[in-house]
Every structure is written in C-alpha cells, then in structure tokens.
> 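One structure is given below, represented as structure tokens, and several questions about it will come after.
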2 protein chains.
Amino acid sequence: MQNALRSYKANLFQALSHPTRIAIVELLRDGELCAGAIQEQLGIEQSNLSQHLAILRGRQVLANRKEGNQVFYSLRNPVLVEVLDIMRRYFQANLAEAVQMLDEIRSEPQAMAAESAKAEGS
Amino acid sequence: MQNALRSYKANLFQALSHPTRIAIVELLRDGELCAGAIQEQLGIEQSNLSQHLAILRGRQVLANRKEGNQVFYSLRNPVLVEVLDIMRRYFQANLAEAVQMLDEIRSEPQAMAAESAKAEGS
DNA sequence: TGCGAATATTATAGACATCGAATATTCTAC
DNA sequence: GTAGAATATTCGATGTCTATAATATTCGCA
C-alpha cells in the first residue's frame with residue numbers, strides 16, 4: 001500500500017512532467033476552458049493538445065464537460081495549483097541552483113552522462 | 001522566462017516521476033543517509049540506485065557529501081517534502097478517483113489509448 | 001441527409017528512460 | 001602498492017513518450 005501510494009504520486013508527477021501540461025494546468029487555474037481556447041493560448045497542434053489533455057484526463061487531473069460541439073476542461077482539484085505555486089517559490093528561493101538545473105536539463109537530454117563532454121571553455 | 005519556469009517545474013516533476021525516486025526523497029526527509037543505507041532500505045540493484053541518485057543530484061533535488069568511502073545524500077530543500085505531503089492529502093481527499101487512477105495506470109502503460117479495451121463489465 | 005466545426009484516436013518514427021551486467025573509480029587498511 | 005569495500009559510470013536491450021500526419025467521431029445546423 002505504501003508502494004501503491006508511491007506509484008500514485010509518481011504517476012501524478014509524471015502527468016505534470018511536461019511543460020505543455022504544466023501550461024494547461026496553469027491556464028485552468030481560474031476556471032474552465034474549452035479545448036479550442038486552450039489550443040489558441042498555447043499555439044500547438046490540435047492533436048498534440050488533445051493527447052496531452054487525454055493524459056491529464058486519464059490521470060484524474062482534469063475533468064471534462066461536453067457542451068454541444070465543445071469540450072470544457074477544468075481542474076479536478078485546485079491543490080495542484082497550490083503545488084505549482086510552491087514550486088515557483090522554490091524556484092525563486094534557489095535561483096542560482098534553479099538556473100544550474102535548467103542548464104543541466106539543456107545539456108543532459110541526449111545522454112544522462114554526457115557530462116564528460118562538457119566543453120567548459122565555450 | 002515564463003517558459004523557463006515551466007521547464008523547471010516540468011523537470012522537477014520528472015525527477016519525481018518514478019516510485020523509486022519518491023521513495024528516496026521520503027527516506028531522506030528526516031536526514032541524510034549514505035547510498036548503501038538507501039540501497040538496503042529499498043532492496044534494489046546498486047547500479048540502479050546509483051542511477052536514480054544521479055538523476056536527483058543532477059536535478060538539484062539532492063546534495064551529496066563524501067565521507068571516506070561513503071557518500072551521504074540529503075535533501076537540498078525540504079519544500080519537496082511539503083509537496084509530497086500535499087500530495088498525500090490530495091490522495092486521501094480523492095480516494096475514489098485515486099483508485100481509479102491506479103487502475104488506469106495498470107491498464108495504460110503499454111499504450112496510452114488502450115482505453116477502448118476497457119471491459120467495463122469486469 | 002449531409003456539411004463543417006470541434007475534438008479524439010490511431011499510426012509511426014525518433015527521442016528518452018529504465019534495467020541489469022559489466023566495468024571503472026575512489027577510498028581505507030594492510 | 002594491492003585488496004576489498006563503496007559508489008559511479010558505461011553498455012545494450014527493451015519499453016515508454018512525444019510530435020506530426022492521417023483518420024475517425026460527434027455535434028449543430030441547413
């Protein structure tokens with residue numbers, strides 16, 4: 001059960017582990033929006049958005065409501081916004097480390113251990 | 001900048017998007033532990049643990065301190081514990097949905113859209 | 001009924017993540 | 001300096017995620 005709880009958390013985190021999905025959650029913090037409106041705000045492909053919405057829906061992060069031709073999305077639980085706010089404070093409080101982490105992220109993607117390739121001079 | 005913040009958050013979530021890494025953070029909530037002790041608690045392969053630790057280190061989630069032969073790990077910022085606690089409350093507040101999500105997780109891994117395969121009767 | 005808008009799903013190629021096995025590094029003690 | 005403990009890194013196979021393109025569904029309306 002301890003383990004199930006960890007899987008639950010891990011999956012929730014995974015749902016939020018993509019910038020687009022964070023953006024979606026943030027867009028919805030003040031109320032529901034239909035998919036089209038979200039797409040307009042984010043400026044991404046329709047099917048791409050729809051897949052991200054499907055993930056957030058499946059993970060119970062978002063609720064959806066059909067109205068005629070449109071589907072309105074909203075946050076199921078505002079606690080997530082609270083978490084995101086905490087993260088912003090965390091980011092600001094540790095700006096130096098945060099920037100360092102952003103650098104890591106940029107240099108790391110291709111292979112977790114390309115560290116040795118650091119051309120430290122450039 | 002708005003975007004950088006989102007990437008930052010997304011990457012932090014990604015760092016926490018694996019049950020083993022959640023377990024590590026939780027283990028460290030009350031103080032530092034050396035890698036060996038963590039391994040003992042989790043009962044996983046040494047190299048596997050070391051890889052997870054490398055990820056958490058790279059994402060600035062953990063600090064590490066070398067003492068002789070051992071490396072002690074600790075949380076860089078207790079705010080993450082706060083986040084995990086919030087999530088536990090989230091879990092408890094939405095127990096029904098949480099269980100539903102756990103089911104989703106079990107059925108979903110192989111393909112994000114195997115939903116249609118739901119044998120709703122079972 | 002049939003068209004067009006809004007959204008969802010499927011397919012697929014490329015990037016990424018995870019694991020265990022093997023190997024490398026770093027340290028202590030002898 | 002060599003052995004052995006503790007940790008880290010590399011490698012390779014396998015699985016998962018993401019984006020785009022193509023197609024399907026669902027709905028309102030003429």
> Whole angstrom is fine here: how far is it from CG in A:Leu53 over to P in C:dT9?
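Atom-to-atom, A:Leu53 to C:dT9, this comes out as 11 Å.
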> Short of 4.0 Å, heavy atom to strand atom, which residues of residues 40-47 of chain B count as contacting DNA chain C?
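Result for residues 40-47 of chain B: B:Glu45, B:Ser47, sorted by number.
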> Between the protein and nucleotides 24-30 of chain C, which nitrogen or oxygen pairs come in under 3.5 angstrom?
residue, atom, partner, partner atom, Å
C:dT26, O3', B:Lys66, NZ, 3.4

> Taking C-beta and beyond as the side chain, do B:Tyr8 and A:Ile22 meet within less than 4.5 Å on heavy atoms?
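A side-chain contact under 4.5 Å is absent here.
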> For A:Ala10, is there any backbone N or O sitting under 3.5 Å from a side-chain donor or acceptor partner on B:Arg21?
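No, because the side chain of B:Arg21 does not come within donor-acceptor range (under 3.5 Å) of the backbone of A:Ala10.
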> Rounded to the nearest Å, what distance is computed from the CG atom of residue A:Asn64 to the C1' atom of nucleotide C:dA8?
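Interatomic distance, CG of A:Asn64 to C1' of C:dA8: 11 Å.
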> Any non-hydrogen side-chain atom of A:Val71 less than 4.5 Å from a side-chain atom of A:Arg57?
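The answer is no, as the side chains (C-beta and beyond) never meet within the 4.5 Å cut-off.
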> Could you give the CG-to-C1' distance, from B:Asn11 to C:dA17, as a whole number of Å?
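Atom CG in B:Asn11 sits about 13 Å away from atom C1' in C:dA17.
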> Under 3.5 Å, which donor-acceptor pairs link side chains of residues 31-44 of chain B to any protein atom two or more places apart or in another chain?
residue, atom, partner, partner atom, Å
B:Glu32, OE1, B:Arg65, NE, 3.2
B:Glu32, OE2, B:Arg65, NH2, 2.5
B:Gln39, NE2, B:Ile44, O, 3.2

> Find out whether A:Leu53 and A:Asn64 are in side-chain contact, i.e. whether some heavy atom of one side chain is under 4.5 Å from a heavy atom of the other.
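In short, these two side chains do not touch, never coming nearer than 4.5 Å.
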> Give me the stems containing DNA chain D, sorted by first residue, counting only three or more consecutive Watson-Crick or G-U pairs with both distances under 3.5 Å; say none if there aren't any.
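So the stems come out as C:1-30 with D:1-30.
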> So what does A:Phe72 hit on the nucleic acid, given a heavy-atom distance under 4.0 Å: a base, only sugar-phosphate, or nothing?
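Result for A:Phe72 = nothing.
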> Counting any heavy atom closer than 4.0 Å, what does B:Asn48 reach on the DNA or RNA strands: base, sugar-phosphate only, or nothing?
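Sugar-phosphate, no base atom in range.
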> Among residues two or more places apart or on two chains, list those pairs meeting ring pair (Phe, Tyr, Trp, His ring centres under 6.0 Å) that have a residue in residues 16-73 of chain A.
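Every ring pair (Phe, Tyr, Trp, His ring centres under 6.0 Å) pair that includes a residue of residues 16-73 of chain A, provided the two are not neighbours, is A:His18-A:His52.
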> Measure CD1/A:Ile55 against P/C:dT9 and give the value in whole Å, please.
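The distance from CD1 of A:Ile55 to P of C:dT9 comes to 12 Å, rounded to the nearest Å.
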> To the nearest angstrom, how far is B:Leu33 atom CG from D:dA6 atom P?
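Taking CG of B:Leu33 and P of D:dA6, I get 15 Å after rounding.
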> Find the distance A:Arg57:CZ to C:dA8:C1' and express it as a whole number of Å.
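Atom-to-atom, A:Arg57 to C:dA8, this comes out as 8 Å.
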> Rounded off to whole Å, could you give me the OH-to-C1' distance for the A:Tyr73 and C:dA8 pair?
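A:Tyr73 atom OH is separated from C:dA8 atom C1' by 8 Å.
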> Should A:Asn11 and A:Arg59 count as side-chain neighbours, where that means a heavy-atom distance under 4.5 Å?
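A:Asn11 vs A:Arg59: side chains touch.
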> Should the pair B:Glu26-B:Arg88 be classified as a salt bridge under the 4.0 Å nitrogen-to-oxygen rule?
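Between B:Arg88 and B:Glu26 there is no salt bridge, as every charged N stays at least 4.0 Å from the carboxylate O atoms.
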> Is the backbone of A:Ser47 close enough, under 3.5 Å, to the side chain of A:Ser50 for a donor and an acceptor to pair up by distance?
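Not confirmed, A:Ser50 side chain does not pair with A:Ser47 backbone.
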> Taking only heavy atoms on the protein side, list every residue of residues 14-32 of chain B lying under 4.0 Å from any atom of DNA chain D, sorted numerically.
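Residues of residues 14-32 of chain B that come under 4.0 Å of DNA chain D do not exist, since none gets that close.
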> Given side chains that start at C-beta, do those of B:Asn3 and B:Arg6 come closer than 4.5 Å, heavy atoms only?
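Yes, side chains in contact.
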> Between atom CZ in A:Arg65 and atom P in C:dT7, what is the gap in whole Å?
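Rounding to the nearest Å, CZ of A:Arg65 and P of C:dT7 are 12 Å apart.
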> If you compare every side-chain N and O of B:His52 against the phosphate oxygens of C:dA17 (OP1, OP2), does one of them come in below 4.0 Å?
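So the side chain of B:His52 is outside the cut-off, no N or O lying under 4.0 Å from OP1 or OP2 of C:dA17.
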